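For the single chain, residues carry numbers from 1 onward in sequence order. Values in this document were obtained by computation on a predicted structure and should not be read as measured data.
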Amino acid sequence: MHWSLDVSMREDECQILLGNGGQNFARFRHITLNLLKRNKGKDSVNLAQMKSLMNDEYREKLMFG
């Protein structure tokens with residue numbers, strides 16, 4: 001899972017150091033990666049991520065099924 005987070009979400013480049021911010025963003029990244037992997041289509045995680053950024057309906061489909 002760490003490799004996927006690093007490649008698709010660039011987790012190693014995150015420089016949030018104050019308080020619990022780093023842990024909170026790590027949880028958001030885990031949730032997002034799980035939603036993207038749950039996608040039934042043939043899109044890769046990176047492609048699904050880009051599509052969800054540009055298309056509200058696609059993002060809704062990923063989040064709510």
Problem set entry | Closest non-hydrogen atom pair between Leu62 and Ser52, with its separation | CD1-CB, 3.8 Å
Could you tell me the separation between the [atom1] atom of [X] and the [atom2] atom of [Y], rounded to the nearest 0.5 Å?
{"X": "Asp56", "Y": "Lys61", "atom1": "CG", "atom2": "NZ", "value": "14.5 Å"}
{"X": "Phe64", "Y": "Arg59", "atom1": "CZ", "atom2": "CZ", "value": "10.5 Å"}
{"X": "Phe28", "Y": "Leu33", "atom1": "CZ", "atom2": "CG", "value": "15.0 Å"}
{"X": "Arg27", "Y": "His30", "atom1": "CZ", "atom2": "NE2", "value": "9.0 Å"}

Exercise. When hydrophobic residues are tied together by side-chain contacts of less than 4.5 Å, even through go-betweens, does Tyr58 share a cluster with Leu36?
Worked result: yes
Exercise. Would Met63 and Ile31 show up in the same hydrophobic cluster when neighbours are defined by side-chain heavy atoms closer than 4.5 Å?
Worked result: yes
Exercise. Side-chain contact, heavy-atom cut-off 4.5 Å: Met50 with Leu53?
Worked result: yes
Exercise. Is there a donor-acceptor pair under 3.5 Å between the side chain of Asn55 and the backbone N or O of Lys51?
Worked result: no
Exercise. More than 12 heavy atoms of other residues, nucleotides or ligands under 6.0 Å from CZ of Arg38: is that the case?
Worked result: yes
